Colleague: 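For reference, the structure I am asking about is given below.
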Amino acid sequence: MKTNRLPDGPYNHKEHEEKILKNWLDKKMYKPEFNPETSEVMSLEEMKKDSRTPWSLICPPPNAYGRPHIGNLSGYAYQDAMARYQRMNGKKVLMIPGKDHAGLEGEGVFVREVLEKKKIRKFDLEREEFYNMMMEFNQENMKKALKDEQEIGLSADFDRNLFTLDERVVDIVLSTFVKMFDDGMIYKGVRIINWDPKARSTLADNQCERLEREGTIYNLRYPLVKHRLWKINFYHEKILNSIRDGSKTVESRVLNPDEPDRFFGDIKAGDDLICFDKNKGNHLHMKVKAVRVYEDSNEFFKREDFSKIYTNKNDVPNSYDEMIEQYEKLADGYGEKLKKNGAIAIELEFPVKPSELQNSEFIEVATTRPETMFGDTAVAVNPSDERYKDLIGKKVIIPLANREIPIITSHRVEKDFGTGALKITPAHALDDYQIMLEWNEQINNIPSSRRVDSTEGGRREVLSSSVLEKIGKIGYINVIGQDIQLHGPVPEKYKGQVYMKVMPEIIKDLEESGALVKTEKLMQNILISERTKAIVEPMMSSQWFVDVERLKEPVIDMVRNVSEDGHPRLRIHPENMEKAFYSWMENLRDWAISRSLWWGYRMPVWYAGEVEERINDEGEIQSVINIDGEWITLDPTNKDHMRVQLEKPEASSWHQDDNVLDTWFSSGQWPFATLTVFGLMDTFYPTDVMETGFDILENWVSRMMMFSHITQDDIPFKDVYLHGLVKGTDGQKMSKSKGNLVNIDEVREQYGTDAVRMVYFYQNSAGSDYAMTFDKLKNFKQFNNKIWNASKFVLMNLEDMKEEDKSVYDLKESDLKIDEVKALYNHVIETKEHITKNIEDFEFGLATSNLYQNFWHEFADIHVEALKPLIYTFKDKETGETISEPKAEEKAEAQKVLLFALKTYLKMLHPFIPFVTETIWSAVPKESGDYESLLYTKW
RNA sequence: GGGCGGUUAGCUCAGCUGGCUAGAGCAUCCCGUUUACACCGGGAAGGCCAUAGGUUCGAAUCCUAUACCGCCCACCA
């Protein structure tokens, strides 16, 4: 073994990095099959049988459409440091790199960056054509990305680089879908979704962004229904007969119960009427909706809507006779008169001018979206709001739509905002949808307790169960379709029109009817699509869901339950993220997994004919299927309608669901999907570490845990390390507008890869953000140079060492005689203990700052300086006289410990700054436990 | 509004279950050095440990409030 000198001059990363990397890659040293003894690559079977402990980490796959950004690269640095450390500890290390197709975002980028530039519209292409073009685009990008990964030093098995849309992965992922469907864990249901009308696709919540803009808030009066008591009037027999004849000359008149003999005039549908409210003593303006004649009076009482006109259920008469009794009490002789007559029901619309109503006769709601009022199913007030206390449970009429809806309560309603009354449109507002769910849940709970209490923010909300029962559940009514036109139970004149276009007309009609009493400007947040910037329309749609209820507990237990060693089976670093994880898991609602895209895993769902989603006249979403030319309601349980299976059913008429799966559905299976593809499950599952950004703990990490539970009945990994965000040069979040972006190519060129990597590690801890500053980069470039120079110095002073002295690993403190040498020896031993502990504890920030401090300011500045007199002759500058001269014995001892220190430091530094350490290592004398490359050299 | 974390030198951060005069690096200033390194060495200056209470023989450390900063969640229709 010959000691090489390091060349003079500063460390020049440009000279070495490429060569070093090429060597690692050419020799396939990153593969678990690499045998450091022989420098050869074993077969898969040999590797599996190999006795080294397996260690595996599946790299989180970044989006395939672009180059990995600085944050992805920081992740690679952490993953790599862990892998290198484990490899040096004698484990067979597997790291699998990959790329994600990034469903919605991926498709968005492709449409924007590629198609739009070629002036092609997505829907001008066939689905397959689009898919193939996009696949090609992604394949091109992935090649570039692979280079970035390699250049940052990621020591992953690049032969096993895998794309999420690889055929082999697709099979695994879709099989899970089929299995879960068969087990009843996946179902199809209707739920509110975010609809991007431009992309014609469903959006996940985090694919929407908020935009503040000026909007208008409209105050609308919804009249109370109690006035409809007036819809019943009674007539003389002769009038009834005239109407039966269809004779137009007959005088039909409204009878006022308080003034039985007074007639107000003729009535027919569309007439305006003035009636007298005996309770309030005032007159009401009404419009006749219809005139119906009942030959048998008792028939009338059987009508369901009749019972609704009484505010108190007990007051509803059961028969004509009973009603006459009631009226007897009102006025002498009145009942007598009624007996002689038949009955006519006159259905009245709400009072003509709601603006003329008295305070107690309407409820005023504030809304920014009046067009959704046709889909209102309730008005909600805060339960503690004194103003509305007496109105709870009563009914109001939706202006223009003339439909009755109840007044309910919800703690979500802010008393102080607007009028304190909120119109509820569950089909088109997320919040309203929540209110509906909560309200209906309350109704469901009635039998279990007499009173329903719900506590929120210290306030107690108490509604008696009889009130709840009377109001009942509320539903939802769809009025805006995916075409953003009005559908369902909306007045004919607006139907089928884009809602934004008819808005002015609706406003005008509201104004004329007197329902619109006030408009005001305000700043409001609206949701827009992150990608297309289109306004997001919340609407109901039938979607595929994963039932998460039975996954919650086992997944939470992975972290909460402690195994034999006193640690959770699955540990999250930093620990305080556990709380966020628990609360996310506990509050999880069923996960919607279908997306209306072309890019992704098309759902393995087959229909026997064309399927459409429609809004019927009642505002219900209906899935209909075209079988033999006839549209019938789709029955998902009927195998002749729908099947869930991987392969297409034989008959050619069957066709596949248009939707693709949510990206997380596939990336959630990534750990075992990758290992399964390569036949490595038996050796490497569960994996050891998952390293990813803290922002996707919920979205991704928890999903991997769920899928691992479902398919493997095991944890997917033992430790999760969550890294923070890399911020810009000024410590702010990186953004183009701030001009604080860091160009990774330039920075690597100027400071070297190792310096960039040091910035990722130094002084950082799991979950916290940190800045990539030029100060730090410069500093670490100098640090690498310091390592270079100190190593050069040590090596040049070892040249006269005896071969047998060059085995330094079994040195003991007791072998050493000189205090300065002992001090260095102990320093190295202590430092190594610290660093080892830091790495085992995932404290890379501490490990690197310790290394920086100790190597430079302890080892180089103090210890090396202290040993100088022991290894070379000091001469007086001027006279040339010898001041001190080393003794051979002392020199040998010092040399041994210097070599020991250098080698140990290079090993400790290698996981973090692999290039400079590997470069120096090639010049260092080797001994047992060492290899030509530091990669496998024993820690 | 709810939750989590933070607040220590100009900057970036250590400081574990309370115990020497509160530490590093960078930056600053001064001095020095060319037999590894000017991408160097030595030294100096710099802190009421956010604020106010409390527990204790003793608090940067534990407790309680407050303020400010950051992030996450829910958001005013």
Side-chain angles (χ1 to χ4, degrees), chain A residues 5-6 8-12 205-206 210 215 217-220 365-370 372 379-380 410 412-425 428-432 434-435 456-458 522-527 574-584 587 694-695 697-698 724-725 727 731-733 751-752 755 759 762-765 767-771 773-776 778-797 837 841 843 845-846 848-850 852-854 856-858 860-862 864-865 868 871-875 877:
Chain A
R5 229 181 219 273
L6 291 177
D8 279 343
Y11 173 66
N12 181 359
D205 289 346
N206 54 9
R210 279 167 206 284
I217 185 162
Y218 303 88
N219 280 25
L220 302 176
V365 298
T367 180
T368 53
R369 298 201 62 188
T372 64
V379 168
S410 168
R412 285 174 185 263
V413 179
E414 300 272 334
K415 275 190 280 191
D416 303 328
F417 187 88
T419 60
L422 174 62
K423 72 182 201 60
I424 302 299
T425 322
H428 298 293
L430 207 67
D431 209 33
D432 294 2
Q434 285 302 335
I435 290 173
E456 185 70 27
L522 88 167
M523 291 311 290
Q524 58 168 348
N525 279 321
I526 55 162
L527 275 188
E575 221 172 301
N576 63 39
M577 288 273 184
E578 281 176 14
K579 281 184 195 167
F581 172 75
Y582 292 145
S583 73
W584 155 270
N587 295 316
F694 71 94
D695 50 330
L697 170 66
E698 289 91 351
L725 208 71
K727 297 202 175 170
Q732 301 286 309
K733 200 169 176 170
Y751 300 97
V759 178
Y762 186 75
Q763 285 189 347
N764 299 141
S765 53
S768 26
D769 302 343
Y770 55 96
T773 65
F774 293 116
D775 269 1
K776 290 185 191 171
K778 188 176 155 226
N779 200 211
F780 294 127
K781 187 184 177 184
Q782 291 175 186
F783 177 55
N784 292 331
N785 192 50
K786 185 72 189 180
I787 296 169
W788 174 260
N789 279 306
S791 305
K792 196 199 307 177
F793 174 78
V794 171
L795 290 173
M796 80 170 53
N797 282 293
K837 185 174 188 309
D841 291 345
E843 302 265 26
L846 283 179
T848 45
S849 51
N850 280 335
Y852 179 92
Q853 170 66 15
N854 286 328
W856 198 328
H857 301 292
E858 297 286 329
D861 288 350
I862 297 174
V864 172
E865 290 304 321
K868 275 183 179 173
I871 54 174
Y872 63 65
T873 309
F874 276 97
K875 286 181 180 169
K877 259 184 284 173

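The analysis underlying the following values was restricted to heavy atoms, covering all of them including side chains, and did not include hydrogens, waters or symmetry mates. In the text below, chain A, chain B and the rest are named by the order of the sequence lines, each starting its count at 1. Keep in mind the model is a prediction, meaning the values are calculated, not measured.
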Colleague: Aromatic rings A:Y11 and A:W788: how do their planes relate, parallel, tilted or perpendicular, breaks at 30° and 60°?
Modeller: tilted

Colleague: Could you work out the separation of B:U66 and B:G23 based on their C1' atoms and round it to a whole Å?
Modeller: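 Pairwise C1' distance, B:U66 against B:G23, rounds to 29 Å.
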
Colleague: Ring centres under 6.0 Å, that's the criterion: do A:F783 and A:Y852 meet it?
Modeller: yes

Colleague: What distance, rounded to whole Å, do you find between the two P atoms, one in B:C4 and one in B:U64?
Modeller: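 After rounding to an integer number of Å, I get 12 Å for this pair.
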
Colleague: Do you know the tightest heavy-atom contact between A:T419 and A:A366?
Modeller: OG1-N, 3.8 Å

Colleague: What is the distance, rounded to the nearest whole Å, between atom CG of A:D8 and atom P of B:C37?
Modeller: 8 Å

Colleague: If every non-hydrogen atom of A:A755 is compared with every non-hydrogen atom of A:N784, which pair is closest and at what distance?
Modeller: N-ND2, 3.5 Å

Colleague: Roughly how many Å is it from OH in A:Y11 to C1' in B:C37, rounded to a whole number?
Modeller: 16 Å

Colleague: Would you find more than 12 non-hydrogen atoms of other residues, nucleotides or ligands less than 6.0 Å from A:E575 atom CD?
Modeller: no

Colleague: Considering only the P atoms, how many Å lie between B:G46 and B:C40, rounded to the nearest integer?
Modeller: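 Approximately 26 Å lies between the P atom of B:G46 and that of B:C40.
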
Colleague: Check whether any side-chain heavy atom of A:L846 lies under 4.5 Å from a side-chain heavy atom of A:K837, and answer yes or no.
Modeller: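 The answer is no, as the side chains (C-beta and beyond) never meet within the 4.5 Å cut-off.
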
Colleague: Enumerate all atom pairs, one protein N or O and one N or O from nucleotides 75-77 of chain B, separated by less than 3.5 Å.
Modeller:
residue: B:C75; atom: OP1; partner: A:D431; partner atom: OD1; Å: 3.2
residue: B:C76; atom: OP1; partner: A:D431; partner atom: OD2; Å: 3.4
residue: B:A77; atom: O3'; partner: A:T368; partner atom: N; Å: 2.6
residue: B:A77; atom: O3'; partner: A:T368; partner atom: OG1; Å: 2.3
residue: B:A77; atom: N6; partner: A:E414; partner atom: O; Å: 3.1
residue: B:A77; atom: N6; partner: A:F417; partner atom: O; Å: 3.0
residue: B:A77; atom: N1; partner: A:E414; partner atom: N; Å: 3.3

Colleague: Sticking with atom C1', work out how far B:C57 lies from B:G18, rounded to a whole angstrom.
Modeller: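 The same atom, C1', in both gives a distance of 12 Å.
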
Colleague: Which sits closer to the 5' end of RNA chain B, A:E843 or A:N785, going by the nucleotide each is nearest to?
Modeller: A:E843

Colleague: Atom CD of A:E575 to atom P of B:G5: distance rounded to whole Å?
Modeller: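 It works out to 11 Å between those atoms.
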
Colleague: For B:U56 and B:C16, measure between their P atoms and round to the nearest Å.
Modeller: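 Roughly 23 Å separates the two P atoms.
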
Colleague: Which part of the nucleic acid, if any, lies within reach of A:D861 when heavy atoms closer than 4.0 Å are counted: base, sugar-phosphate only, or nothing?
Modeller: sugar-phosphate

Colleague: Write down the distance between CG (A:D769) and C1' (B:U7), rounded to a whole number of angstrom.
Modeller: 16 Å

Colleague: In whole Å, what separates the P atom of B:A45 from that of B:A24?
Modeller: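 My reading of the P atoms in B:A45 and B:A24 gives 12 Å.
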
Colleague: Quick one: label A:K868 by what it contacts on the DNA or RNA (base, sugar-phosphate, nothing), any heavy atom closer than 4.0 Å.
Modeller: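 Answer is base: heavy atoms of A:K868 come under 4.0 Å of a base.
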
Colleague: Would the distance check show the side chain of A:D769 and the main-chain N or O of A:G724 forming a donor-acceptor pair, the cut-off being under 3.5 Å?
Modeller: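 Pair absent, no side-chain N/O of A:D769 close to backbone of A:G724.
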
Colleague: Who does B:C48 pair with, Watson-Crick or G-U, both distances under 3.5 Å?
Modeller: none

Colleague: How close do A:T372 and A:K423 get, heavy atom to heavy atom, and via which atoms?
Modeller: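 So the two residues come closest at OG1-NZ, 2.8 Å.
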
Colleague: Between A:K837 (NZ) and B:A14 (C1'), how many Å, whole number?
Modeller: 14 Å

Colleague: Base, sugar-phosphate alone, or nothing: which one does A:E865 contact when heavy atoms must sit under 4.0 Å apart?
Modeller: base

Colleague: Could you tell me which nucleotide pairs with B:U35 by Watson-Crick or G-U wobble geometry, both distances under 3.5 Å, or answer none if nothing does?
Modeller: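 For B:U35, the partner nucleotide comes out as none, under the 3.5 Å rule.
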
Colleague: Quick check on ring pair (Phe, Tyr, Trp, His ring centres under 6.0 Å): which of A:Y751, A:F774, A:Y762, A:W856 does A:F780 satisfy it with?
Modeller: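 The residue from A:Y751, A:F774, A:Y762, A:W856 that satisfies ring pair (Phe, Tyr, Trp, His ring centres under 6.0 Å) with A:F780 turns out to be A:Y762.
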
Colleague: If you define the side chain from C-beta out and look only at heavy atoms, does anything of A:N764 sit under 4.5 Å from A:T848?
Modeller: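 Heavy-atom side-chain distance check fails, nothing below 4.5 Å.
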
Colleague: Rounding to the closest angstrom, what is the interatomic distance between B:U21 and B:A14 at atom P?
Modeller: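 To the nearest whole Å, 24 Å.
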
Colleague: Now, which nucleotide makes the Watson-Crick or G-U wobble pair with B:A24, with each of the two distances under 3.5 Å?
Modeller: B:U12

Colleague: Are more than 12 heavy atoms from other residues, nucleotides or ligands located less than 6.0 Å from atom NZ of A:K868?
Modeller: yes

Colleague: Strictly by Watson-Crick or wobble contacts shorter than 3.5 Å, is anything paired with B:G1, and which nucleotide is it?
Modeller: B:C73

Colleague: From CZ of A:F581 over to C1' of B:C72, roughly how many Å is that when rounded to an integer?
Modeller: 16 Å

Colleague: Using a heavy-atom cut-off of under 4.0 Å over every strand shown, decide if A:A429 touches base, sugar-phosphate, or nothing.
Modeller: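 Here A:A429 touches no strand at all.
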
Colleague: Pick out the pairs of N or O atoms, protein on one side and nucleotides 2-4 of chain B on the other, that lie under 3.5 Å.
Modeller:
none

Colleague: Does B:U7 pair with anything, Watson-Crick or G-U wobble, both distances under 3.5 Å, and if so, with which nucleotide?
Modeller: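 Across all strands, the one nucleotide that pairs with B:U7 is B:A67.
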
Colleague: Measure CD/A:E858 against C1'/B:G42 and give the value in whole Å, please.
Modeller: 15 Å

Colleague: Sub-3.5 Å donor-acceptor pair from the side chain of A:N779 to the main-chain atoms of A:D775, do we have one?
Modeller: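 No; judged by distance alone, with no hydrogens or angles, the pair does not exist.
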
Colleague: Would you tell me whether A:K792 and A:N789 have side-chain atoms, one donor and one acceptor, within less than 3.5 Å of each other?
Modeller: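 Yes - a donor-acceptor pair under 3.5 Å links their side chains.
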
Colleague: Which of the following nucleotides, B:C39, B:A14, B:A36, is nearest to the side chain of A:K781?
Modeller: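 Among the listed nucleotides, the one closest to the side chain of A:K781 is B:C39.
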
Colleague: Select base, sugar-phosphate, or nothing to describe what A:K792 touches, counting heavy atoms under 4.0 Å on all strands.
Modeller: sugar-phosphate

Colleague: Could you please name the partner base of B:G58, counting Watson-Crick and G-U wobble pairs only when both distances are under 3.5 Å?
Modeller: none

Colleague: Using the P atom on both, measure B:A52 against B:C13 and round to a whole Å.
Modeller: 25 Å

Colleague: For A:S765 and for A:P10, find the nucleotide of RNA chain B with the closest heavy atom, then tell me which residue's nucleotide is more 5'.
Modeller: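 The residue whose closest nucleotide sits nearer the 5' end is A:S765.
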
Colleague: For the pair made of OH in A:Y770 and C1' in B:G5, what is the distance, rounded to whole Å?
Modeller: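 Whole-Å distance recorded here is 18 Å.
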
Colleague: On a heavy-atom basis, which atom in A:H857 and which in A:D861 lie closest, and how many Å separate them?
Modeller: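 Here A:H857 and A:D861 meet closest at ND1-OD2, 3.1 Å.
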
Colleague: What does nucleotides 23-32 of chain B look like as a protein-contact string, B for base, S for sugar-phosphate only, - for none, at under 4.0 angstrom between heavy atoms?
Modeller: -BSS------

